[in-house]
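Residue numbers start at 1 and run along the sequence shown. Not measured: the values here are computed from a predicted model.
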Amino acid sequence: MFINDILTTSIDYMIALRTVLPNAKIINFEDDGEGVFKADLVFNALFQENTLPQVKAGEKYYISGKTFMFYEPIQIKEHVEKVFISFGGADPQNYSDRLLSIISKPEYQKYYFVVVLGRAKYNVDALMKFNKYENIEVLYDVSNMPELMSSCDVAVTSRGRTGYELAILGIPAIAMAQNQREEKHGFVCNENGFTYIGLNPTDEIIEGTLKMYLELTKESRMKFHNMLLSHDLRGGRKRVMGLINNL
């Protein structure tokens, strides 16, 4: 068995792999390249299209981090008090920087913000200076994400795996795409309980949506919460392992 965790495999790479491993079963994860035609099994949890029989796409094949299994969904409070903000490893659109500029305004002092920076973020030192604000906590390369997330009432994120993690915990979230690849990630959408505002929205749209979320009633957040929890995101590991073992 040979497993590829490569975002885009080429047909040449897969043919070469087949040549040196003629008897191996080849399984690709998160692959949107032409190499999928030569794989025995492909799991694309972040994409929704499923045109080839060997490609298993969508939320059913999302494998949750094991630590998330130990956490129950959040309780929806009367008012929003704490906001979780995270944009993956690199954050190429600098959404973290833009959100920090917005939430450091005096009008947001009554809310508490937890901002998590990923390992590939380039200007971490400059962003850590926002810790001088009493209501802003900037953290770098966090080890226990579900612990942090489950202490928050709403979230702002990009359109990658963090969306699935927030959905497991039932946390209403605003989402934006980092690039054209993320625009194809179908799970994080309005129909599934998120508020998706597109690729590189203006600061005006980001702030307007954030203000709306901070003022959402308990009933409105409960509606989002129930929509997010209606997806079975905890059973993906079993489904994926079942298909691999049956090859």
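- Relative orientation of the Tyr213 and Phe224 rings is parallel, given thresholds of 30° and 60° on the angle between their planes.
- Taking a cutoff of 4.0 Å between a charged side-chain nitrogen and a carboxylate oxygen, Asp32 and Lys184 qualify as a salt bridge.
- A salt bridge is absent between Asp153 and Lys218: the closest approach of a Lys/Arg side-chain nitrogen to an acidic carboxylate oxygen does not fall below 4.0 angstrom.
- To the nearest 0.5 Å, the span separating CG on Leu139 from CE on Met128 amounts to 6.5 Å.
- For the atom pair CG (Asn200) and CZ (Arg98), the distance works out to 5.0 Å, reported to the nearest 0.5 Å.
- The stretch residues 102-118 participates, sequence neighbours left out, in these salt bridge (Lys or Arg N to Asp or Glu O under 4.0 Å) pairs: Lys105-Glu207, Glu107-Lys211.
- Residues forming a side-chain contact (heavy atoms from CB on, under 4.5 Å) with Leu243 (at least two apart in sequence, or on another chain): Leu41, Phe43, Lys56, Tyr61.
- Between Asp97 and Lys121 there is a salt bridge, with a side-chain nitrogen of the basic residue lying less than 4.0 Å from a carboxylate oxygen of the acidic one.
- Side-chain rings of Phe187 and Phe194 approach one another, their centers coming within less than 6.0 Å.
- In this structure, Lys77 pairs ionically with Glu81, as a charged nitrogen and a carboxylate oxygen lie closer than 4.0 Å.
- Cation-pi geometry between Arg161 and Tyr62 is not satisfied (NZ or CZ under 6.0 Å from the ring centre, within 45° of the ring normal).
- With hydrogens and angles ignored, the 3.5 Å screen pairs a side-chain donor or acceptor of Asn179 with a backbone N or O of Arg181.
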